[in-house]
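Taking it in order: structure first as structure tokens, then the write-up.
What you see is a predicted model; the values in this text were computed from it and never measured. As the structure lists them, so they are numbered: ligands from 1, and atoms in each ligand from 1.
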Amino acid sequence: MRTVYTDEHRHQDGKFELIEGKFLPPFEMPRRAQIVIDRVRAKKLGPVTAPDSFDLEPVHRVHDKGLVSFLQTAWDEWVQAHGCYDALPITWHTRGFRKKPPLPEVIDGKLSYYAIDAGTPITAGTWRAVKGAVDVALTGVKLVNGGEKAAFSLCRPPGHHAGSDFYGGYCFLNNAAIAAQAFRDLGAKRVAVLDVDYHHGNGTQEIFYNRADILTISIHADPLQEFPYFLGFADETGKGKGEGYHKNLPLRWGAKWDKYEEALTTAMKALKKYSPDVIVVSLGLDTFKEDPISKFKLEHEDYFRMGEMIAGARKPTLFVFEGGYAVDALGINTVNVLSGFEGKR
Ligand code: SS9
Ligand code: ZN
């Protein structure tokens, strides 16, 4: 299968994230994508192509214009106010405030308005990297829409925590959601998004929650135990027209392949029943046993099986790269899924 990749991701290179009470160098780092593209080449998964450049119209199909323009100017506004440190918020819009407050005029307030956490630094190159990741996703769409059976969009930064008008969890714009909507706009009648990242795909769920034309399924750590904490429970099944077209499969900390396989079997059953024209996979590899911020216990081998099971749907499939922070193992695990999908071990 073809991989879409650009070095533009390197421009997202934060100094800090706030995690476990410490300012640490971000787990979401440029080496993540580097190690994956190296493995793609070493294993000869297929050709690697650079993305085309798209305008922002497909982005505006799923994201609020305010969020998109904020992401473009936030760094300059931040530097004017505070100098060249990473831009992170420290106040949140929570219960007890106005439901729909006006957008604050100052950068600190804007960060508080749009961000869901203090782990997602905006830096000098953030917008450049984010735009690159969207181009990578949309180029993958173009390939699959043009008849390729599958493609791998090696997006970085990831996207599945970003919603219509919020960012966080290392994500700024939702690459997978933008891709899913683009498939619809190119004529696909039904699209399914399968999110196998360790964390719940809250952004993707929020974006498509009231729609029946895009089925969303997420397998992830129980939100009672894990980020993003407030969405991703099994009783969330869609709203209005979208009722019955969202599925959450939360698993408790410590889940190994046996539990995971059960959930993935359930997911694939729902997906096959929906019979989509195309599948978008939010491919996170932070389910790995050595992931430094996660608590599932998948092994290298399990990722082949994951790929095989996804291939069982026999639909055109776009893989969109999401999380995974055991960097040394990230290339192996990612390419194992993609090789498994292609029936190669
Ligand atoms: C650690 C919380 C880390 C969010 C992680 C986002 C992962 C994106 N318990 N902060 S795939
Ligand atoms: Zn994750």
Side-chain angles (χ1 to χ4, degrees), residues 9 12 14 16-33 36 86 88-90 92 114-122 126 129-130 133 137 153-163 166-177 193-206 216-232 248-255 260 263 280-298 303 306 319-327 329-330 333-334 337:
H9 74 85
Q12 173 60 7
F16 317 107
E17 68 171 284
L18 178 55
I19 183 164
E20 294 168 8
K22 292 165 286 224
F23 280 104
L24 297 181
F27 285 93
E28 204 296 289
M29 61 177 88
R31 202 161 69 83
R32 295 179 58 250
V36 175
D86 291 2
L88 292 175
I90 44 171
W92 313 107
Y114 284 120
I116 66 168
D117 73 355
T120 312
I122 292 179
T126 297
V130 166
S153 287
L154 211 181
C155 297
R156 179 182 171 269
H160 73 147
H161 295 302
F166 56 85
Y167 77 97
Y170 311 152
C171 304
F172 301 91
L173 294 176
N174 195 320
N175 307 307
V193 183
L194 172 66
D195 189 324
V196 297
D197 189 279
Y198 170 81
H199 303 91
H200 173 239
N202 63 295
T204 313
Q205 171 172 331
E206 183 264 342
T216 43
I217 305 178
S218 181
I219 307 172
H220 50 265
D222 190 331
L224 291 176
Q225 297 178 311
E226 198 56 82
F227 180 89
Y229 302 118
F230 310 120
L231 203 68
N248 285 323
L249 297 160
L251 300 172
R252 302 288 291 174
W253 276 350
Y260 200 92
V280 176
V281 179
S282 267
L283 183 58
L285 293 303
D286 36 11
T287 47
F288 185 54
K289 62 180 178 186
E290 282 160 25
D291 195 278
I293 64 167
S294 310
K295 292 187 164 66
F296 284 178
K297 297 284 166 225
L298 267 53
Y303 292 99
M306 185 184 287
F319 290 91
V320 175
F321 191 54
E322 301 279 2
Y325 307 97
V327 180
L330 198 49
N333 294 340
T334 306
V337 175

For [X], atoms of ligand 1 separated by under 4.0 Å from a heavy atom:
X      : value
Gly323 : 11 (S)
Asp197 : 11 (S)
Asp286 : 11 (S)
His160 : 11 (S)

Please work out which of the three classes, parallel, tilted or perpendicular, describes the rings of Phe172 and Tyr167, given edges at 30° and 60°.
parallel
So for [X], does at least one of its heavy atoms come nearer than 4.0 angstrom to any atom of ligand 1?
X      : value
His161 : yes
Tyr325 : yes
Glu17  : no

In terms of heavy-atom contacts, Phe296 and His220 come closest through CZ-C, 3.7 Å
State, with a plain yes or no, whether a side-chain heavy atom of [X] is found less than 4.5 Å away from one of [Y].
X      : Y      : value
Glu28  : Ile293 : no
Pro250 : His200 : no
His160 : Ser282 : yes
Val281 : Val337 : no

Return the residue, atom name and 0.1 Å-rounded distance of the protein heavy atom closest to [atom].
atom                   : answer
atom 9 (N) of ligand 1 : Glu226 OE2, 3.3 Å
atom 2 (C) of ligand 1 : Phe227 CB, 4.2 Å
atom 1 (C) of ligand 1 : Ile19 CD1, 4.0 Å

Can you tell me, to 10 degrees, how wide the angle at the Zn ion (ligand 2) is between OD2 on Asp286 and OD1 on Asp197?
100°
Using modelled atom types only, decide if a donor and an acceptor are shared between the side chain of Ser294 and the backbone of Tyr198 within a distance under 3.5 Å.
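Not a single qualifying donor-acceptor pair exists.
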Please lay out, stage by stage, how Val196 and Thr287 fare under the test side chain to side chain contact (heavy atoms under 4.5 Å, CB included).
CA-CA 8 Å; Val196 297; Thr287 47; over 6 Å; no
Would you check if the Zn ion (ligand 2) lies under 2.8 Å from any N, O or S atom of His199?
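Yes, since at least one N, O or S atom of His199 sits under 2.8 Å from the Zn ion (ligand 2).
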